[in-house]
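Residue numbers start from 1 in every chain, and the chains themselves are labelled A, B, ... in the order their sequence lines are given, proteins ahead of strands.
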Amino acid sequence: MSAVMEQRRPRLVLVGNGMAGVRTLEELLKLEPDKYEITVFGAEPYGNYNRILLSPVLSAEKTLDEIMLNDEQWYQDNGIRLCKGRKVVKVDRKARRVMADDGTEMGYDRLILATGSDPFIIPVPGHDLDGVVTFRDIHDVIAMLEAARTRKRAVVIGGGLLGLEAANGLLSQGMEVTVVHLMDSLMERQLDTAAAALLQQSLEQKGLRFLMAHQTEAILGDGRVQGVRFKDGSEVAADLVVMAVGIRPNTALAKEMGLYCERGVLVNDTMQTYDPSIYAVGECVQHRGQTYGLVAPLWEQAKVCANHLAEYGIARYEGSLTSTKLKVTGIDLFSAGDFTGDETCDELVFKDAARGVYKKLVLKDGRIRGAVLYGDTLDGPWYFQLMRDATPVDDMRQGLLFGQAHVGDSGHGSEAERVASLPDSAEICGCNGVCKGTILKAIGEKKLFTLEEVRAHTKASASCGSCTGLVESLLASAVGGDYSEAPAKKPVCACTVHSHDELREAIPRLGLKTIPEVMQALDWKNPDGCHVCRPALNFYLLCAWPGEYVDDGRSRFINERVHANIQKDGTYSVVPRIWGGVTTPAELRAIADVAEKFAVPTVKITGGQRIDLLGVKKEDLPAMWGDLNRAGFVSGHAYGKSLRTVKTCVGSEWCRFGTQDSTGMGIRLEQMTWGSWTPHKFKMAVSGCPRNCAEATIKDFGVVAVDSGWELHVGGNGGVKLRGTDFLCKVSTPEEVEEYCGAFMQLYREEARYLERTAPWIERVGLSHVKQHIVEDAEGRKRLHARFLASQVEAQVDPWAERAQGKEAHEFIPIKPVALKEVTP
Amino acid sequence: MSWIEVGELSEIPRLGSRVVRLPGGDVAVFRTGDDRVFALRDACPHRGGPLSQGIVHGHRVTCPLHNWVIELETGEAAGPDTGCTAGYAVKVQQGRVWLNVEPARDSQSGEACLQRVASA
Ligand code: SRM
Ligand SMILES: Cc1cc2nc3c(=O)[nH]c(=O)nc-3n(C[C@H](O)[C@H](O)[C@H](O)COP(=O)(O)OP(=O)(O)OC[C@H]3O[C@@H](n4cnc5c(N)ncnc54)[C@H](O)[C@@H]3O)c2cc1C
Ligand code: SF4
Ligand code: FES
């Protein structure tokens, strides 16, 4: 019985050996490597290659070898039968068999259609002459390179993305190139007229000629092409004509087998066609009325399709927003969304013709709807992210066009632009010491397409993340166009298809009270999750069910589990809380005693106005904490996603400029908020006057005293990405400061994603959102504050005291110390 | 010959681990969600991080220092990271855990891995 089962694995046939189809197989192999017996039919006589990079091959910036993604060895290694150079011409759906043009036949249980698109050929007289080509595959590129070697004049019909890349390539091959365009503005589907004019100007400077608003009437020639004639009667001479006027989903085979098609093969959200055993992915499909001509959506489709082929049955494809770049060296262009807008939209425009820079954002209801950037495209991904997340941008409107630059990249400055010119030895990731050459090599050899993949393989940008922009630029330059567009909805980790927001929402809605319940209800793929999802779930549950949820120590990182920071050598550091940075001789003496008693190797003043005892052995922690407790100290939570420090300055008590008692205010805030768990760490500061010696304006919550009261500032960050706070409001009394502070922290606790600090959270949801809840809605503020205080009742228990008294003792001592004699017989 | 008893299974938390302190270095004994028990040298193949302090999930543990994921069965780092740490044989009899203090030489994490750890 089991032998029978074994010999008949279900058969999976892929028709179309292109980018979407093979990506689907790769995703499937990751999930279920042995589930199917796989056969691939490809009309082209090659393995799988990166079609996007045909443009750089044409312009001699890359070779054909460099753009191969999977060679034949890959198919062999994965037990996949590759029938290359064989086009499937017929599918018998009843008998579940495919037939290729050479007579090969193959049965299937599941079929994937990934036949891509066909370039559109204008049916004018002469379109089939020798020397008339399209720009779609290796065959076309070889034909163009051949023509460039022996002939002189090229005409490219079509002034869109592909046409311009073809024209640029032929120009670099030494041909005289004329671009013919039907409209009077280039790339009219991606660019407004202003940006198109700048583009045309730069391309003319490179040496391209343009015939705008020209409609082709006939291709002239006798056997071989000699020229092109237009509707207005004019003619232009040509030895090569490239038709790049658009693509059409290739539905020929689908139609032949009677699958329902409109513009493309119709699929549902699971990438299934009308025949449930047939899936379709890539440019040949039509999903929710949309067809796509870029790879980013295909990656998402491939993931979903693989998920269903693996019979996990949980992923859904919900459509994609796309953005466009032009791969012509020296020209920076970015376009996304609706860039024309209508009377209900606002336009923000920046133009500096001398520098060749143009930026336009279309806003509707305070959100970005579209963007066109020319000359300076550094902020394209940022605008695109804001657009996809529908982030309210009213609060940043003033500086929006100037880009994210004011946020700054510590350690890198504005080097992102110059990444292309850096030498291979330039260090890109300062945390992990990864240089440019290493990243490029990995991208090439390991066929990496996304930021996540580069992180996994090289560690670049995997730590503090400040070099993410640089790594993305490298990816863009190495693999072309739209490499890294993170899916619209990002799953928390590989264990689930759900995003952080979906989890936050589902937990109270479905009344889920434990981590296993969440995993059960939401179809977790791995029985006990992983180090990414478990800590997040633990926090969400803690936040949703205060007082009720029992914290799961096994789902916390070691620092939070043992309430001390692990060091590189496996020892720990101990940072007692020093309220508002104020201490006493007695406290200092107690710390000194503890340090001596436990032979602490390093005692250091931290950047947070307190004292760090570094290099403590794990077994010593509980006893040391006991001593510190007796001297009146509690845990400083220097290890937690929790309230860290409240820095203060001396304030009115001593300082000749002090307007209020900032020290006292800081201590009050710290006493109210210590012990609370937050999505990421939370830091505060109180300064006694606008000189701001406590640096309150780079804290998550900062207070600056003024003569008439207290200014409240939120969302600052002094870490990886420096961000000054936003001004929230001014209040008059210390009680108000406390109420606003508690309410703000609670809003952050309830809404932010795990490991998202207040700075990125505010940039994502918008300052107005925060103001609405904290400033404008007094009742709501009071309720938030009350919820915060309620959760503090359980949270303000000193974890050190509990452990000094024996709680979780197993964490701190070995299960068994073994003497030498026990192991040497 | 080189088997020692290290304690009750119940002394090791589920999805957790305890350390057995041997003269030659610590060994981490893990207990997974499905109550399997594994033992590895308590040193990550990356930079020696104490694996006993990591988060256990499935038959894997994530190192507390830089998040490498190590297979409990073989001691090998999950791809794309490469490296491995020595494994030890363990067994549970009548609720008590036994550890073979000789690193397993026959497992996949055998000789080569041992040498790498020794020379590190
Ligand atoms: C001890 C201390 C350095 C010092 O000797 O002064 C320190 C030490 C660490 N910081 Fe820090 N940071 C310390 C003040 C700061 C400050 C300054 C401040 O708080 O005023 C900042 C910038 C301010 C800010 O956070 O906005 C700071 C920004 C970071 C960051 C970047 C955070 C960000 O959002 O960009 C990290 C990385 C992270 O959290 O992921 C980090 C992470 C760390 C970690 C936890 C690294 C780690 O994961 O092991 C270090 C732990 C060492 C240890 O075991 O004690 N540390 N760190 C400081 C402790 C202050 C305290 O009393 O609690
Ligand atoms: C020059 C160029 C530049 C581009 N630049 C970018 C860019 O910068 N950014 C971007 O995002 N996208 C770009 N694209 C688009 C991108 O390449 C496509 O979106 C992507 O390749 C589509 O993948 P697919 O698998 O659907 O189709 P394809 O990659 O075209 O694969 C389909 C395959 O199926 C084969 N096939 C068809 N019918 C059959 C049959 N009956 N039997 C067997 N095999 C069959 C075809 O021969 C082909 O190999 C570019 C495209 C071109 C041509
Ligand atoms: S203390 Fe902070 S800045 Fe210093 S090395 Fe550690 S993480 Fe980096
Ligand atoms: S030491 Fe384990 S991941 Fe670095």
Side-chain angles (χ1 to χ4, degrees), chain A residues 30 431-432 442 446 448 453-459 462-463 493 495 515-516 524-535 538 552-559 561-562 565-572 618-619 808-825, chain B residues 1-29 31-34 42-44 46-69 78-82 97 99-102:
Chain A
K30 278 194 232 162
C431 291
N432 298 304
K446 306 263 163 55
L448 312 181
E453 289 167 349
V454 176
R455 280 187 181 146
H457 282 270
T458 67
K459 302 290 170 219
S463 293
C493 62
C495 303
I515 292 179
W524 237 250
K525 289 178 216 163
N526 304 320
D528 31 57
C530 72
H531 64 275
V532 179
C533 55
R534 286 224 320 262
N538 191 54
D552 176 21
R554 297 284 134 212
S555 296
R556 284 188 180 272
F557 291 113
I558 183 64
N559 287 358
R561 195 157 77 230
V562 301
N565 294 65
I566 196 166
Q567 304 296 314
K568 59 194 272 191
D569 61 355
T571 64
Y572 287 81
K618 197 180 186 194
E619 299 92 294
E808 316 251 334
H810 65 83
E811 283 289 0
F812 302 97
I813 46 171
I815 188 168
K816 184 162 177 123
V818 183
L820 197 54
K821 62 177 172 19
E822 287 179 72
V823 286
T824 43
Chain B
M1 159 205 91
S2 39
W3 287 91
I4 58 164
E5 193 198 314
V6 296
E8 303 270 343
L9 179 62
S10 58
E11 291 174 75
I12 309 174
R14 210 170 260 149
L15 292 179
S17 88
R18 296 292 299 277
V19 165
V20 176
R21 186 143 290 170
L22 294 182
D26 288 357
V27 171
V29 183
R31 177 176 172 193
T32 59
D34 55 4
D42 195 14
C44 174
H46 178 220
R47 291 197 207 155
L51 296 174
S52 57
Q53 318 291 298
I55 290 183
V56 177
H57 47 99
H59 289 175
R60 297 171 148 195
V61 61
T62 300
C63 176
L65 292 196
H66 316 96
N67 289 340
W68 278 31
V69 175
D81 297 320
T82 52
V97 180
L99 170 76
N100 186 337
V101 298
E102 296 287 317

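Residues B:Ile55 and A:Arg534 are in side-chain contact: their nearest non-hydrogen atoms beyond the backbone lie under 4.5 Å apart. In this structure, A:His810 and B:Glu11 have side chains that are not in contact, with every pair of non-hydrogen atoms separated by 4.5 Å or more.
Heavy atoms of B:Val56 lying under 4.5 Å from chain A belong exclusively to its backbone. Both the backbone and the side chain of B:Leu15 come within contact range of chain A, each with at least one heavy atom under 4.5 Å from a heavy atom of that chain. With a 4.5 angstrom heavy-atom cutoff, B:Thr32 does not touch chain A via any of its atoms. Proximity to chain A is absent for every atom of B:Asp34, based on heavy atoms less than 4.5 angstrom apart. At a 4.5 Å heavy-atom cutoff, A:Glu453 makes no contact with chain B through either its backbone or its side chain.
Once rounded to the nearest 0.5 Å, the distance linking SG of A:Cys533 with NE2 of B:His57 reads 8.5 Å. One distance of note links CG of A:Asn559 with CD of B:Gln53; it measures 10.0 Å at 0.5 Å rounding. Summarising the geometry, atom CG belonging to A:Asp528 is positioned 11.5 Å from atom CZ belonging to B:Arg60; distances are rounded to the nearest 0.5 Å.
Counting all heavy atoms, side chain and backbone alike, B:Glu8 lies closest to A:Ile815 at O-CD1, 4.4 Å. Of all the heavy atoms in B:Asp81 and A:Ala456, the pair that sits closest is OD1-O, 4.3 Å. Closest approach of B:Gly54 to A:Arg561, counting heavy atoms only: O-NH2, 3.5 Å.
For chain B, the option among A:Lys446, A:Glu811, A:Lys618, A:Lys568 with the highest count of heavy-atom pairs below 4.5 Å is A:Lys618. No other option in B:Gly7, B:Gly16, B:Gly48, B:Ser52 has as many heavy-atom pairs under 4.5 Å with chain A as B:Gly16. Considering only heavy-atom pairs separated by less than 4.5 Å from chain B, the leading option among A:Gly570, A:Gly529, A:Ser555 is A:Gly529. Per-residue heavy-atom pair counts under 4.5 Å with chain B were compared for A:Val562, A:Ile566, A:Asp569, and the maximum is reached by A:Ile566.
Under a 3.5 Å cut-off, the side chain of A:Lys816 and the backbone N or O of B:Arg18 do not form any donor-acceptor pair.
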